[in-house]
Amino acid sequence: MNKIDESYWTQRWEDGNTGWDLGEVSPPIKNYVDQIHDTNLSILIPGCGNGYEGNYLHQKGFRNVYLLDYSPIPLENFSQIHQDFPKEHLLCMDFFELDMKFDLILEQTFLSALDLPLRRKYAAKMKSILKPGGKLAGIVFKSPFENPGPPFGGTLEEYRKMLEPHFEILRLEDCLDSIGPRLGNELFMELSPRV
């Protein structure tokens, strides 16, 4: 198993090995975002890849959207295509080194890209970078994968065990609006940090 670090992801981008890329905004996230009207919210999308969700938010008038990825390749691609998106909001770094606070973090299978031993650290880090009253919302895969990851899946019980020490679980349920190939294999979560 290769170390899952910046060079691992950059190599996958260079090889065109990006099977996670939907080519569009994920429908469950689009439907969630469409219910948000406060365009002043600060929003983070970690593991943003080609940034479809970030561009969608920006086009809807959200101006405090930040995209984070470990590899520079997707961020450079995004910047070239979306030249009106602020470059200072493109963060090329290790998520665990991020030192900012957000009102909303959108989870677009970023957790599924992390090595399994990092999951508890993920939950604690997410809580630490959310403002009071903030939310973590988005999609995770709902069953384990047979092949060695990434992506890494999980069960409802595993996610609950990982998240409950840090978050109040508002929703953790089957996605009914996933794209065809993922239908039945995604959970939508909406979480609020525990005080």
Side-chain angles (χ1 to χ4, degrees), residues 9 18-71 74-75 77-78 81-82 85-86 89-91 95 98 100-114 119 122-123 125-127 129-131 133-143 145 150-154 156 159 162-163 167-193:
W9 290 109
T18 56
W20 63 81
D21 189 316
L22 301 182
E24 63 180 313
V25 179
S26 172
I29 292 179
K30 178 185 181 296
N31 293 336
Y32 181 79
V33 163
D34 284 347
Q35 300 171 49
I36 300 171
H37 303 292
D38 183 357
T39 57
N40 294 314
L41 293 179
S42 56
I43 302 173
L44 173 68
I45 305 172
C48 64
N50 279 317
Y52 305 111
E53 290 76 15
N55 180 57
Y56 182 71
L57 284 160
H58 191 71
Q59 296 306 314
K60 286 180 66 74
F62 290 83
R63 292 295 176 257
N64 295 311
V65 178
Y66 291 80
L67 304 182
L68 182 147
D69 209 283
Y70 219 164
S71 171
L75 296 173
N77 293 343
F78 182 90
I81 296 167
H82 307 289
F85 192 93
H89 288 201
L90 301 175
L91 310 174
F95 165 76
L98 182 62
M100 296 173 70
K101 296 268 189 185
F102 302 92
D103 297 302
L104 173 64
I105 302 173
L106 290 176
E107 165 63 67
Q108 165 50 314
T109 66
F110 170 63
L111 176 59
S112 304
L114 295 176
R119 289 201 163 177
Y122 162 97
K125 181 65 178 182
M126 284 292 189
K127 180 183 178 185
I129 62 174
L130 278 169
K131 295 178 183 177
K135 287 188 179 168
L136 168 60
I139 303 165
V140 292
F141 290 118
K142 91 174 218 187
S143 56
F145 291 99
F152 301 101
L156 187 63
Y159 291 130
M162 174 192 71
L163 296 167
F167 292 96
E168 179 185 349
I169 297 176
L170 307 175
R171 290 168 60 194
L172 186 58
E173 60 196 22
D174 286 349
C175 282
L176 302 178
D177 48 1
S178 301
I179 64 163
R182 292 187 179 181
L183 196 59
N185 197 32
E186 291 182 326
L187 294 170
F188 192 87
M189 65 181 186
E190 184 177 16
L191 314 172
S192 179

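Values below: all heavy atoms of this structure, side chains included; hydrogens, waters and symmetry mates excluded.
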Backbone of [Y] reached by a side-chain donor or acceptor of [X] within 3.5 Å:
X: Arg63; Y: His58; answer: yes
X: Tyr56; Y: Ser26; answer: no
X: Ser112; Y: Gly153; answer: no
X: Lys142; Y: Cys175; answer: no

Taking C-beta and beyond as the side chain, do [X] and [Y] meet within less than 4.5 Å on heavy atoms?
X: Leu44; Y: Met100; value: no
X: Asp34; Y: Lys60; value: yes
X: Leu57; Y: Leu106; value: yes
X: Phe152; Y: Leu114; value: no
X: Glu53; Y: Val33; value: no

(message) Return the CG to CD distance between Leu176 and Glu186, rounded to the nearest 0.5 Å.
(response)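 Answer rounded to 0.5 Å: 11.0 Å.
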(message) Using 0.5 Å steps for rounding, measure from the CG atom of Leu75 to the CG atom of Leu91.
(response)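 The distance works out to 8.0 Å.
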(request) Establish, from distance only, whether the side-chain atoms of Asn55 and Gln59 form a donor-acceptor pair under 3.5 Å. (result)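 The criterion, which ignores hydrogens and geometry beyond distance, is satisfied for Gln59 and Asn55.
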(message) Less than 3.5 Å apart, any donor N or O on the side chain of Tyr52 or Gln108 sitting next to an acceptor on the other?
(response)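 No - no donor-acceptor pair under 3.5 Å links their side chains.
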(message) By the definition side chain to side chain contact (heavy atoms under 4.5 Å, CB included), identify the one residue from Ile45, Leu136, Leu68 that meets it with Ile105.
(response) Leu136
